[in-house]
Amino acid sequence: MTVRAPARGPIQVDGEVFSNKRVGAYAHLVLVADGIAERTRPGHFVALSVGGPTSARLLRRAFSIYRVRPAGIYGGTVEIVFAATGPGTQWLAERRAHDPVNVVGPLGRPFALPKEPVGCALVGGGYGSAPLFGLAARLRERGCGVHMVLGAATESRLFGALEAKRAAQSVTVTTEDGSVGIRGRVTDPLPSLLARHSIEVVYSCGPMGMLAAVTRVATQHGAWSQTAVEESMACGIGVCMTCVLPVVGDDGVTKMVRACVEGPVFAGDKVRWEAVGTVPAGTFGAPAAGGH
Amino acid sequence: MTVRAPARGPIQVDGEVFSNKRVGAYAHLVLVADGIAERTRPGHFVALSVGGPTSARLLRRAFSIYRVRPAGIYGGTVEIVFAATGPGTQWLAERRAHDPVNVVGPLGRPFALPKEPVGCALVGGGYGSAPLFGLAARLRERGCGVHMVLGAATESRLFGALEAKRAAQSVTVTTEDGSVGIRGRVTDPLPSLLARHSIEVVYSCGPMGMLAAVTRVATQHGAWSQTAVEESMACGIGVCMTCVLPVVGDDGVTKMVRACVEGPVFAGDKVRWEAVGTVPAGTFGAPAAGGH
Amino acid sequence: MSPALLPDDVDLTTVLADAHLENPVMTASGCAASGQELQQFFDVAELGAVVTKSILRDPRSGRATPRMVETPSGMLNSIGLQGPGINAFLARDLPWLLQHDARPIVSIAGSSLGEYAELARRVGNTPGVAAIEVNISCPNVEDRGLVFACDPVQAGRVLSVVRRDTARGVPVFAKLSPDVTSIVDIARSVVEAGADGLVLINTLLGLSVDLATMRPTLAGVTGGLSGPAVRPVAVRAVWQVANALPGIPLIGVGGIRTGADALEFLVAGASAVQVGTAIFNDPGAPIRVLRELRTELASRGFARVSSAVGFANRSAADVAAAAG
Amino acid sequence: MSPALLPDDVDLTTVLADAHLENPVMTASGCAASGQELQQFFDVAELGAVVTKSILRDPRSGRATPRMVETPSGMLNSIGLQGPGINAFLARDLPWLLQHDARPIVSIAGSSLGEYAELARRVGNTPGVAAIEVNISCPNVEDRGLVFACDPVQAGRVLSVVRRDTARGVPVFAKLSPDVTSIVDIARSVVEAGADGLVLINTLLGLSVDLATMRPTLAGVTGGLSGPAVRPVAVRAVWQVANALPGIPLIGVGGIRTGADALEFLVAGASAVQVGTAIFNDPGAPIRVLRELRTELASRGFARVSSAVGFANRSAADVAAAAG
Ligand SMILES: Cc1cc2nc3c(=O)[nH]c(=O)nc-3n(C[C@H](O)[C@H](O)[C@H](O)COP(=O)(O)OP(=O)(O)OC[C@H]3O[C@@H](n4cnc5c(N)ncnc54)[C@H](O)[C@@H]3O)c2cc1C
Ligand SMILES: Cc1cc2nc3c(=O)[nH]c(=O)nc-3n(C[C@H](O)[C@H](O)[C@H](O)COP(=O)(O)OP(=O)(O)OC[C@H]3O[C@@H](n4cnc5c(N)ncnc54)[C@H](O)[C@@H]3O)c2cc1C
Ligand SMILES: Cc1cc2nc3c(=O)[nH]c(=O)nc-3n(C[C@H](O)[C@H](O)[C@H](O)COP(=O)(O)O)c2cc1C
Ligand SMILES: Cc1cc2nc3c(=O)[nH]c(=O)nc-3n(C[C@H](O)[C@H](O)[C@H](O)COP(=O)(O)O)c2cc1C
Ligand code: FES
Ligand code: FES
């Protein structure tokens, strides 16, 4: 069943696996899912249902969009890169060509793009690199400098290091075990990189701790930061209120905002990173002392 | 995971699909499942888990064993024939070669075989013919006369009519819509067949109504009847008490007995067919009037 | 039952006290926000009603995260009724629903009788509100934090103030919790207190431990269990209450995912149904359930929803009468 | 938690009042008959205990069929306690268990205090019985058929007669129903009445309508919901009772399918667990759960079961203390 919607919002499509390959520790899944590509901008995500008709796993799994291809001779495709960690992602990893997978997307707010052709750093941790390639292409179209920093615990968890060479003017790789690139974390080479290339915007996608650290470096350097967060989501479309995190609004007030529709991309300096997982005092609607 | 057990009882085996083909309205599934064949006798059934690791369908599905092949160059196989009616059987119908299917079996009590080389009628309704072919082979080994009567609503639901020609001395086919064979039910040609071939044992497998009717004809004729019933089963191994039906014991007392371990094959004249789905008055342990 | 009909020939209208709805399928409170987001997937005006997330008097931040955990065929949630409060709701969300021709059923929740009364006065007198749903699964700050829904007397008090302060002609439905020894006792009490109908059921109290942290997975420790896992409990609640209080309109909710599930609730005694957690699996679920329900009714020869309502209870009574 | 251990280094013994068990994994009542059938798949002597199907004084035919219906991640059953009665049980089933070196926990059920007392006298004084589990989810014929488990006073009475008539040294466990407003109240009452421990939980009351017949699917109309679907409710019950009644041995049951599920119950406060419906999916489930539990404990550095019991409650208290 395919539900169509106005040209800009998300749609629901009965997709079909085109290919599913292992890439290091990850799976690279290409789905034929008409209509998604045309609506996608870098930073959007899709939500896939898992387990088929007999599934006990009702909630969709969210994945950043790695690449899209609009319908041509073949149907339009959407690609994701994921780690098979739990039952849903394991099920996805076992799908073969022509297996059905229902897709809802594109979802969320994409990365904001600079109006001027400024220097940009794109920082990805693990599979968090995936959405940065589409972003890199868009930025280059606008004449921005594109510098990628890709990090992971170890080589097999690094995604896209080769592709990055084509996508970016410079590529820096870090691994925590030193199996490839610089031994350490993405934030280690970042300060000198920001200075060297006069970076004005730092984009990042990866674990929450990394996003917080990258934001700190960017802010110290005086750059904007755009972070794509990963919060546990039940609906992905804004109706359930499970995916919230404390974000400071333009009015200076902290609100619990939905990562799925007001994110997943947030200005890094607006996220109360230290308070994620809590409702910090003073949050809009927070309980008074002794209250609910 | 494979749990081994003493040589005669059921075992649990991680099976694998060898082939899965459509035959008329049914699916014919061949599973590689070592150890089942050696233990199987005609009338036994297997219980298959459905839906894979993310399944919301916890209960196994029971299927009569159609054929088995002991381990040789390839692993031992077990074959079933089934109608894809609900979610579990639909899932099974979609399995392809090499897909895993967990098997518990062989389960239940097989058909009792006559000690003497007497004339036997084997009556199958729909997929209920499946377990009769193994039985036919065993009976012929013992020098029994084998006469098959296969019936169904319509041709596509008739199973094994061709194979029956090799398996039996005579084959009679009935369909309710007359699309092939005699228009009518298996009980229509049965009385004359029983007389013609001096049948002493009537085996039957199919819908409950058919089993009741076949038993009636057999009893009138003075033949023994052996019926394989199909009761809704949660466990298939005798521990849950869901699969009961009222059966008269040797002591003349009706008891609610488990179809999965005390059946599925019962002497037809011992089953209280008219009372299936109830606890008839006088049943062992039945509530006194006004009781529980 | 009569022979099959064409789906389009089925009269889907349903009557819930003074509310006459085009069809019996609604969203469940808290699973559809206030309708805007679902409008991207289908036209919410096509539903029998849109039940809003429970509205509180004051803005509320809700609980810390994690707020949800997936469970077999269901999920636990502990949102903590995050919302902007009644002012923002009346200023922004309700007008949106009315502009889009949706029938809004406004769910209200409070932590004292006074709050419920205030919400009833404000919501229950705003034109366009099709009905009020009273979520009583909230702790009563005036009574040691005991949940209103768990005590027939307290539950009755809430319904009597809400009914008192809501305009005539706007039905008031009480939404009951299944976490009680006798849901029939609670149902009877709120109906005597003035509830015009009942919504059955809210979530079941559950808990999950995260083996990675060795702590309860939810920041709120316990949470509400919903989804297909709870459907048999919800159908049982509808069945019991339909038998105990014939004639009281019931709205069934809990694990509805398909038109067949919806029909199960109708024949068990519900005059309407709500779709909740299934929306997270399929954002088009409410409208799909409606379409499938129409087909299910037609194929069984039900010319109208009202013929199906309570059919299983009636046929059960027939069987009992024939046997007795 | 300490660094990982080897699975074989984990001390699996667990103490439930006067019952010292080799390990904390049992079968759930009614899901393993009296052990014989499972012996085909694994040696029941390797389990901590085998809990028998609830035994009644007199033989009972049970209800008509259908007795079960599959539901999402669970099932409903309405067996009606079919069984041969206490005489046949003591003559045949109990000796079999003892001959096979199994530790039998005998579940008893009755419809009056007198029946419970008689069963306690007979079972509770038979050598080899490791403990008695009292199934109180039965209608009380002397009190308008109200279920004992739903009323703290009646539930307490049952436990006091059973404790009175059972030999010292044989622990008596009360098995509670989740279908109550406050399971803690029932727990407190049966513990005051003499229960040495609690089994949490029995099935939830549910109903399914068969859309083919338009009648309740089960001949018994309502049935008990079990399986992974109910696990969050069971874990919640264990958590609540463990916090309210520290020191009372708890046995967790409801939807356990894996060693991780079993560990979830232990860290929520249970000293042992039972595997029920999962057996229908996998006849080897109890022994597999035991093996997996051993690995789960080892990988988390739990050197003994007792270190894991209630760990999530303790760490929750630590978190609260650190925060407060
Ligand atoms: C916006 C967004 C983008 C993401 N992009 C990617 C990606 O590109 N590649 C990738 O491998 N993963 C990505 N994730 C994480 C991915 O959604 C989870 O790994 C996946 O849902 C886990 O499902 P499971 O069945 O394997 O695990 P389970 O643990 O069984 O999942 C249970 C539930 O928890 C949720 N959940 C579990 N882990 C996470 C997590 N890390 N983040 C959010 N929800 C979680 C699941 O969605 C599900 O509802 C993204 C998450 C979000 C929110
Ligand atoms: C001893 C025995 C032998 C059988 N042999 C065959 C066979 O050779 N070929 C074949 O096609 N079918 C056979 N059946 C019936 C088969 O088990 C059911 O068709 C199947 O379980 C339906 O599963 P489902 O998921 O498609 O349907 P669902 O309706 O989703 O099943 C739900 C539950 O009801 C049970 N159930 C549903 N229909 C039946 C039924 N007719 N009999 C028993 N349980 C049922 C299922 O096992 C499951 O637990 C046999 C049944 C038994 C008891
Ligand atoms: C995330 C979530 C939020 C909910 N919020 C509310 C709420 O605000 N008010 C309310 O009455 N019920 C609330 N519910 C309960 C649902 O309305 C419904 O009663 C319950 O989930 C069972 O239905 P379902 O299985 O279709 O979801 C919520 C349920 C979920 C899953
Ligand atoms: C078929 C069946 C029969 C049961 N019979 C009994 C019983 O006789 N006595 C009892 O105390 N509990 C009985 N139960 C309840 C289980 O012991 C257990 O408490 C419940 O099923 C939850 O655990 P599970 O999800 O692991 O099955 C039965 C459950 C099932 C499914
Ligand atoms: S995931 Fe539901 S609101 Fe964000
Ligand atoms: S199916 Fe469980 S006893 Fe027969």
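Each chain gets a letter, A, B and so on, in the order the sequences are listed, and its residues count up from 1.
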Q.
Just verifying a value: how many Å separate A:T283 OG1 and C:Q82 CD, rounded to the nearest 0.5 Å?
A. 10.0 Å

Q: Kindly give the heavy-atom pair with the smallest separation between C:F41 and A:Q12, and that separation in Å.
A: CE2-N, 4.4 Å

Q. Of the listed residues (C:N281, C:L81, C:L56), which shares the most heavy-atom pairs with chain A below a 4.5 Å separation?
A. C:N281

Q | Contacting region of A:V244 [heavy-atom separation from chain C under 4.5 Å] | A | both

Q: Could you tell me the separation between the OG atom of C:S61 and the NZ atom of A:K255, rounded to the nearest 0.5 Å?
A: 12.0 Å

Q) What is the distance from atom CZ of C:R67 to atom CD of A:E231, rounded to the nearest 0.5 Å? A) 9.5 Å

Q) Does the side chain to side chain contact (heavy atoms under 4.5 Å, CB included) test come out yes or no for A:T242 and C:I79, once each step is laid out? A) CA-CA 6 Å; A:T242 61; C:I79 308 296; 3.6 Å; yes

Q.
Please report the interatomic distance CG(C:N77) to CE(A:M241), rounded to the nearest 0.5 Å.
A. 11.5 Å

Q. Going from CG on A:L59 to OG1 on C:T71, what distance comes out if it is rounded to the nearest 0.5 angstrom?
A. 8.5 Å

Q. Quick one: side-chain hydrogen bond (donor to acceptor under 3.5 Å, both in side chains) partners of C:S78, sequence neighbours excluded?
A. C:R63

Q | CZ/A:R157: more than 12 non-hydrogen atoms of other groups inside 6.0 Å | A | no

Q. Using non-hydrogen atoms and a limit below 4.5 Å, what part of residues 232-240 of chain A faces chain C?
A. A:S232, A:M233, A:A234, A:C235, A:I237, A:G238, A:V239, A:C240

Q. Relative to chain A, which segment of C:P66 carries a heavy atom at a distance below 4.5 Å: side chain, backbone, both, or neither?
A. neither

**Q.** Which atoms of A:T254 approach chain C - backbone, side chain, both or neither, heavy atom under 4.5 Å
**A.** neither

(Q) Using a 4.5 angstrom heavy-atom cutoff, name the option from C:M75, C:Q36, C:E70 with the most pairs to chain A. (A) C:E70

Q) From C:R257 CZ over to A:L58 CG, what is the distance, rounded to the nearest 0.5 angstrom? A) 5.0 Å

Q. Closest approach of C:Q40 and A:G9, non-hydrogen atoms and distance?
A. OE1-CA, 4.0 Å

Q: Quick one: which of C:G85, C:A229, C:A32, C:P72 has the most heavy-atom pairs under 4.5 Å with chain A, could you say?
A: C:A32

Q: Output all residues satisfying ring pair (Phe, Tyr, Trp, His ring centres under 6.0 Å) with A:F111, sequence neighbours left out; order by chain, then residue number.
A: A:Y203

Q.
Is it the case that over 12 heavy atoms from other parts of the model lie below 6.0 angstrom from the CZ atom of A:R185?
A. no

Q) Can you name the ring pair (Phe, Tyr, Trp, His ring centres under 6.0 Å) partners of C:Y116, sequence neighbours left out? A) C:F148

